Each structure stands twice: as C-alpha cells, then as structure tokens.
J.: 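Here it is, the structure, as structure tokens.
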Amino acid sequence: MLLLLVALQSLGGLLLLAIIQLSWTYFTTPLKSIPGPFFAKFTNLWRFFDTYGGRPELTHQLLHKKHGSAVRLGPNVVSISDPKYLRVIYNTRGDYLKLKKTDPWKSKFYTVNDTKVGNQIIKNVFSTLSNEWHSTALRPIQKFYKMSAVLAQEPLVDLTIHSFFKHLDEKFVDTGKACKIDEWMLFFSWDVIAQMTFRRPMGFMDEGRDHSGLLHTADRALDYFATIGQIPALDHWLAKNPIRPIGPPSFDSAAVFCAQQVMERKQSESNPSRQPDMLDGFLETQKVNPEAVTDNDLISALIVNIVAGADTTASLLRSVIYYVLKNPKVHKRLQEELDNANLATPVPYATATTLVYFDAVIRESGRIGPGVGLLLERIVPQGGLALSDGKLIPAGTIVGMNPWVIHQDKEVYGEDAASFNPDRWLRDVASGETEEDFQARFSRMKATDLTFGAGNRICLGKNVALMQVYKAITTLFLTYDMSLVDPKKEWHVQNSWFVRQSDIDIKIQRRKVTKA
Ligand code: HEM
C-alpha cells in the first residue's frame, strides 16, 4: 500500500514537472506571436503525429492558408512560406546551417539520417551539419556531378532505357496486362542510377520485383527518418541506441553491394575502351589523392548516390506520368510536339532540352508534386530573422520551407497555382504578355522552385536526375500510348520526406509512329 502511495506521488510529481515545463515553454518563448496549432506550441509530438499520418504537406498547406506566411509547427519550429525568404534561408554562404553539432538548439533532424555501424556513427554529404565536413567530403567528387561529366554517361542511361522498354514490351504490351507504372518507375530509377554509378543495374527490372528487399528497406528507413526526425532526440534511444539499436532495417546490403563494386573494380584490369562510370571517376581521384579519398569515403559516396538518387527520381517520373495521363489535352499536345521533332530514340538529352512544351510539363510536374515533402530545416543564425510584419524570429529557431507549400504561392505562380497547368511556364501571347514580362515572370517562378532545394546544400545529383528524367519521359511518350486503367481513380501518396506515389495502373501499347 505504502509502495503504491509512493508510486502515485512520484507519478503526480512527474506530471506536475511536465506541466510546469510545458507552461514555461509556452509562456516564455519569443515565438509566442507566431500562430499555429495549439499543441504544436507545447510539444513536437504534434508534428510527430502529423508526419506519422503520411500527408504532412497537406497539413502544412492548410495551416499556411489559415495563418499566413509564418506558422509554428513545434515549440521551436517555424514554417515559412514567403518566397522573399527563400534566398535568405537557403543562401550560398550557408550561414543558415542544418545545425552545428555544438549548438544547444537541438534540431538534429538530418542526423537521424546518419548510419550506425558497430559503435561508429557514419555521416554523409546529405546528413552532415557541418559546413567544413561538407566541403571536405564534396571537394574530390563534386566535378562528377557537373552536367559535362554526367553527359559522358548518357550511353549508360540509353542502355537502361532499352532494357526498360524490352520489359514493358514483353510483360505488358505483348500480353495486354495492366502495368503498375509506379513500381516500374522505381525499378527503372534504381537500375539506372546503379548503371551510371557502377555500370551494373541492381536487377530490379530483370526480376520485375523487389528481389533483394532493398526497396522495402529504403521505404522503412524513410518512414523512420521522416517521423523520428520530428523528435530527433528519440533517435538516440532507437536506431542509435548504445546497447541495442531499435530501428528500421539497415542498408547493410546496399553498403555490401557498394563495397563489392569497389573491390571488384580495383582488382579488374583497366580497359580504356570501356564506357566510364562514376566509380571510375571516383577511383581515379583516389589514385591522385589517396589521403583525401579513403575507401570508406568512396563507399559512402556510392551509397548516397543510390539512396538519395533513386526514390527521388522515381517520384518525379511518376508525377510526370500521372499528371500527363490525368490531363488528356496535355498528353495530346506533348505527343504532337514529340512527333513533330523528328527525334531519335532513346532521345538524346541535348535534344530533349530543346522541346519547349515538354520542358514546361517537367517543370510543372516538379512544381505541383515535388519529391521532397517536409521542411528543409535550417537554424536561424545570430541576429535572427526579421519578418516583414515586424516580428523577429530569434537565433537558434528551426525554420524551413516545404516545397509543397512554397510552390503554391499565388503571387508567383498565379491564381490557379493549385492546378496542373504546364502553360504557366510559357509566354501567354494570347493575353498580350511581352517577352520581357514573360522572362521576368519565368525567372521569378524558377527562383521560387525548391524541387531540388537551394543554396549551398542544393541537390548534388540534380543534373543526374534531370538527364534521366528528360530522356526517359520523352522516349516513353514517343514510343508508347499509355492511359490510366481507371482515369477517375486518384493515386495514393505517402509523404515520408521523399514522396512515394502508388496505385498508378496503366494500359500500354506501342505507338505506330516510332520504332525503338
Ligand atoms: C528528381 C530527383 C531528385 C530530387 C527531387 C532531389 C531533391 C533534393 C532536395 C530537395 C535536396 C535538398 C535537401 C535539403 O536541403 O535538406 C537534395 C539534396 C541532395 N540530393 Fe537530391 N534530389 C534528386 C535526385 C538526386 C540524385 C540523382 C542524387 C545523386 C546522384 C541526389 C543526391 C543528393 C545529395 C547528396 C543531397 C545533399 C546535398 C548537400 O547537402 O550538399 N539527389 N535533393
């Protein structure tokens, strides 16, 4: 009985302490005047559950509609939607850090993405919070992501497109079966990035399924990253638990695969007539400067290529296909442009970029359905962030923009910002828009585009992704007639930082006009 009383008293004490702490947070915070959901002002549990629900980008859109351009999503977290601040928060100086390790402010969202091998925490170019570490890691490999270097691998993309179409023909065109194009775009994107990286696909298209379980692992890892990233302190007790890690399945198999590729390549005879891939480039750099590029650095760079570059590209590919098939007029106009352009197949990247309407379709798909769907979190530096309404967001606050929110800005994208309309990326001759006005509007839209992030931490693989997408989509729409099995059905979307779309079943036939 006495024991029970003591337990109840202790529980009561703890509860009281928690209430005092929450009230203290609520009443003393300098962010009191920033509106937002009531519970978000006390605890990050609000955003944890919102993200767990799978569609946080929709909540963020609604909250900004209701409260304006600054919304509080956590006791120390503010979401910003005013495009004016995009170049302030995501600048090239990098003073709005993902967070310095020594900072007391505890964002650590990105560190959830670190991996733990034994007792060692392994960071990567994406997850690191330090600008110094970031520059050191990037310096030796950055040149391989420039468009000139990426173009040298175009034949490897062609090879993967040929293989993709062979599978589409055999499995769906010849049999008349419906194709789950959402899955096939994922198989394609993992195989194509592996081709460019190691001159070897991961085998998803050949198997026609997630034969290694890697795709499932990637999904679970992202679910974990997105949700636990809202209360990053939990990561220490879960995946990074010092005694027994409790978390998503690890990327061990991907790490082993990458390590094998490095070892095999080092042991194989060099063959100058072979199509070079990214690993060749990385190894060459290591030869010149072995201190700057260790084997571990190599493996880490290879893993990042696969992990950051496959799901994201699949997301954009699916967006384009879904929106085009949902909009028959857009589909028709796109096919007309492709048919009239006298294109070779697979379509060369340099030619694809000259197709004006196609380019508008890609930009619009990335705008309306960006592949990343949470705040790109940064920390306000010394001096704070002054908002135009006079409020000051103090140093140490976590701020960020969600591409799904900022891409809906009506002042930049027009009153119909919520709809899919590739025409917004073209000059509106019918209503008398001058070339000069169009260029100004176009530049503003581009400057507000956060599809690939911005500033010093902008997407490293943007050129890689664009080459894959421009080539695959032009060649796909040129070669096949595709339609949704049920044109009224909506796709399913799961936002786990990367946005995963599913339930896109299509019918597919070869078009008469072309032969691949
Ligand atoms: C359509 C495809 C892609 C999209 C939409 C996309 C989107 C993004 C975004 C929004 C960021 C910024 C994240 C932040 O600021 O928090 C980012 C960073 C990054 N992306 Fe991509 N990405 C794509 C493809 C790729 C590819 C193909 C690769 C690699 C080959 C890649 C590698 C990276 C890396 C390494 C970073 C971290 C850069 C840094 O912090 O310096 N991405 N990506």
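Order of appearance sets the numbers: ligands from 1, and atoms from 1 within every ligand. Values below: every heavy atom of this structure, side chains too, minus hydrogens, waters and symmetry copies. This is a predicted model, so every value here is computed, not measured.
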J.: Applying a heavy-atom cut-off of 4.0 Å, say which part of Arg378 lies close to ligand 1: side chain, backbone, both or neither.
T.: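 For Arg378, only side-chain atoms sit under 4.0 Å from ligand 1.
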J.: Asn456 to ligand 1: N or O pair under 3.5 Å?
T.: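 Not met; the criterion fails.
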J.: Please confirm whether Asn305 comes within less than 3.5 Å of ligand 1 when only nitrogen or oxygen atoms on both sides are compared.
T.: no
J.: Can you tell me if Phe498 contacts ligand 1 (heavy atom of the residue under 4.0 Å from the ligand)?
T.: no
J.: Atom 35 (C) of ligand 1: which protein heavy atom is closest, and how many Å away?
T.: Val304 CG1, 3.4 Å
J.: Does a side-chain N-to-carboxylate-O contact under 4.0 Å join Asp449 and Arg363?
T.: no
J.: With heavy-atom distances below 4.0 Å as the criterion, list the atoms of ligand 1 near Ala465.
T.: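 Here the atoms of ligand 1 in question are 1 (C), 2 (C), 24 (C).
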J.: Going by the atom numbers of ligand 1, which of them fall below 4.0 Å from some non-hydrogen atom of His134?
T.: 39 (C), 40 (O), 41 (O)
J.: Parallel, tilted or perpendicular, judged at 30° and 60°: which one describes the rings of Trp491 and Tyr322?
T.: parallel
J.: Answer yes or no: is there an ion pair linking Glu364 with Arg424, defined by an N-O contact shorter than 4.0 Å?
T.: yes
J.: Taking the minimum heavy-atom distance to atom 7 (C) of ligand 1, which of Thr451, Val499, Thr197 ranks first?
T.: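 The residue whose heavy atom sits nearest atom 7 (C) of ligand 1 is Thr451.
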J.: Is the shortest side-chain heavy-atom distance between Thr312 and Phe452 below 4.5 Å?
T.: no
J.: Quick one: look at Gln468 and ligand 1, take heavy-atom pairs under 4.0 Å, and tell me if it's side chain, backbone, both or neither.
T.: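 For Gln468, no heavy atom sits under 4.0 Å from ligand 1.
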J.: Compare Ile89, Thr312, Val307, Leu374 and give the one whose heavy atom is closest to atom 3 (C) of ligand 1.
T.: Thr312
J.: Of all the atoms in ligand 1, which lie at a distance below 4.0 Å from a heavy atom belonging to Lys98?
T.: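 Those atoms are 16 (O), 40 (O).
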J.: Within the 4.5 Å heavy-atom criterion, are Leu426 and Phe442 side-chain neighbours or not?
T.: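 No, their side chains stay 4.5 Å or more apart.
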J.: Determine, for Phe204 and Arg209, whether the Lys NZ or Arg CZ falls below 6.0 Å from the six-membered ring centre while staying within 45 degrees of the axis.
T.: no
J.: With a cutoff of 4.0 Å, is Glu377 in contact with ligand 1, counting heavy atoms of the residue only?
T.: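 Contact absent.
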J.: Are the side chains of Ser502 and Gln494 in contact, using a 4.5 Å heavy-atom criterion?
T.: no
J.: Spell out, as yes or no, whether a donor-acceptor pair under 3.5 Å connects the side chain of Arg47 to the backbone of Gln230.
T.: yes
J.: Should the pair Glu183-Arg318 be classified as a salt bridge under the 4.0 Å nitrogen-to-oxygen rule?
T.: no
J.: Starting from atom 42 (N) of ligand 1, what is the nearest protein heavy atom, named by residue and atom, and what distance separates them?
T.: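 Residue, atom and distance for the closest contact: Cys459 SG, 3.0 Å.
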J.: Nearest to atom 10 (C) of ligand 1 by heavy atom, Pro403, Gly309, Gly453, Ala454: which?
T.: Gly453
J.: Under 4.0 Å from ligand 1, counting heavy atoms only, is it the side chain of Ile458, its backbone, both or neither?
T.: backbone
